[in-house]
Amino acid sequence: VSTDPNYEPQSFLDENGEFVGFDIDVAREIGERLGVEVEFVTPDWDVITAVNWAGQWDVSIGSMTVTTARQEVLDFASPAYYYTPAQFAAADGSGIDALEDINGQVVCVGVSTTYETWLNGAGADLGLPADNFYAEPPTGVTIVPLPTDAECPQSIQAGRTDFQVFLTSNTVVQAAIDGGVPIHRVGSPVFSENLAAAFDKSSTLDNASAVKRVGEIIQEMHNDGTLRELSLKWFDSDLTASPTQ
């Protein structure tokens, strides 16, 4: 399973160097129900989304949004296992307190993420339902892409000053605030994402049965409350119901 070691609370390393987080628990539960042992690997996000995994890992259970472009090269298990709102946040004292304040700013995002795509004005290319979008992208922004979303608040905490605002999942924002990073939310969420397990279409193995069975397991985990329980554990809220339902 490909995962991110720096994406708290979805996936990160604890003080013992062990993988923990919502995505980690979901992956392990899927593995248990498949009757297989789960092993985690940590390729860069842009490598995962570029596909051609060359058999180095079998599935991404790493908070990947289902988009039109990704569906051309990846097979997604259905249904999504959870949904997250995309949220701007800024450094305390930056003077960035409302969405309109972001116009003309330098904005940090994770590279090859839906946040980068939306900021570039290509939100329609994501293929998300129209009801999932709540705002228009800010104008005149300069984008600073970092290897993973969590590096944006971490860089602000470390004293980096070339950007003071970033866009990521609201869950990452909350984890940063809980961790004492001097940031605050800017406005309300701007869009919502549907996140699913993904498989490489270019795999030398036929994915059909794996995609189908993992989708069935995820539906079972919705039905029996496992996903809701894990969401409450890691996010203190239930993010497993579609915002469009």
Side-chain angles (χ1 to χ4, degrees), residues 1-14 17-28 30-31 34 36-78 80-82 84 86 107-120 122-123 125-128 143-155 160 163 166-169 171-172 175 193-208 210-211 214-215 218:
V1 178
S2 61
T3 194
D4 188 333
N6 186 21
Y7 197 60
E8 186 177 356
Q10 280 86 336
S11 53
F12 59 105
L13 294 169
D14 66 11
E18 300 292 331
F19 283 107
V20 294
F22 175 74
D23 284 340
I24 302 302
D25 282 356
V26 170
R28 287 184 171 134
I30 290 173
L34 281 172
V36 300
E37 184 178 351
V38 172
E39 178 183 353
F40 294 103
V41 295
T42 57
D44 288 342
W45 182 250
D46 56 345
V47 175
I48 298 172
T49 56
V51 298
N52 294 319
W53 298 346
Q56 297 176 77
W57 62 91
D58 302 296
V59 57
S60 167
I61 303 177
S63 296
M64 187 183 294
T65 304
V66 181
T67 70
T68 301
R70 290 171 182 170
Q71 285 177 305
E72 294 179 0
V73 292
L74 294 166
D75 291 317
F76 286 93
S78 180
Y81 63 99
Y82 82 118
T84 58
V107 182
C108 181
V109 293
V111 66
S112 299
T113 58
T114 52
Y115 315 118
E116 184 177 24
T117 299
W118 182 79
L119 279 174
N120 279 318
D125 295 342
L126 297 177
L128 298 172
I143 298 172
V144 173
L146 296 182
T148 187
D149 299 35
E151 291 187 36
C152 295
Q154 289 165 358
S155 295
R160 186 167 174 174
F163 61 83
F166 61 96
L167 178 62
T168 183
S169 162
T171 58
V172 173
E193 307 172 273
N194 50 328
L195 308 159
F199 298 78
D200 185 4
K201 283 183 183 287
S202 64
S203 171
T204 56
L205 299 175
D206 185 353
N207 283 328
V211 175
V214 169
I218 289 170

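Here the structure is a predicted model, which is why all the values come from computation and not from measurement.
Here the side chain of S203 pairs a donor or acceptor atom with the backbone of L205 at under 3.5 angstrom. Remark: side-chain polar atoms of E18 are not paired, donor with acceptor, to backbone N or O of D14 under 3.5 angstrom. Judged purely by atom type and a 3.5 angstrom limit, T113 has no side-chain atom pairing as donor or acceptor with the backbone of V109.
Between the side chains of S11 and D4, not a single donor N or O lies within less than 3.5 Å of an accepting N or O. Residues T65 and T67 bring no donor and acceptor atom of their side chains to less than 3.5 Å of each other.
Considering only residues two or more places apart in sequence or on other chains, N52 meets the side chain to side chain contact (heavy atoms under 4.5 Å, CB included) condition with S202. Legend: residues meeting side chain to side chain donor-acceptor pair (under 3.5 Å) with Q154, ordered by chain and number and at least two apart, are N6. A210 is linked by a side chain to side chain contact (heavy atoms under 4.5 Å, CB included) to F199, counting only residues two or more places apart in sequence or in another chain. Scored by the side chain to side chain contact (heavy atoms under 4.5 Å, CB included) test, L13 finds P5, F19 as partners (sequence neighbours excluded). In terms of the ring-ring contact (aromatic ring centres under 6.0 Å, His included) criterion, residue partners of W57 (sequence neighbours excluded) are, by chain and number, W53. Legend: residues meeting side chain to side chain donor-acceptor pair (under 3.5 Å) with T117, ordered by chain and number and at least two apart, are absent. With sequence neighbours excluded, the residues satisfying side chain to side chain donor-acceptor pair (under 3.5 Å) with S63 are D23, Y82. Annotation: salt bridge (charged side-chain N to carboxylate O under 4.0 Å, His left out) contacts of R28 (sequence neighbours excluded): none. V73 is linked by a side chain to side chain contact (heavy atoms under 4.5 Å, CB included) to V51, counting only residues two or more places apart in sequence or in another chain. With sequence neighbours left out, D25 forms a salt bridge (charged side-chain N to carboxylate O under 4.0 Å, His left out) with K233.
Residue pairs meeting the salt bridge (charged side-chain N to carboxylate O under 4.0 Å, His left out) criterion with at least one member in residues 193-207, sequence neighbours excluded: D75-K201.
Taking CD from E8 and CD from Q10, the interatomic distance works out to 9.5 Å, rounded to the nearest 0.5 Å.
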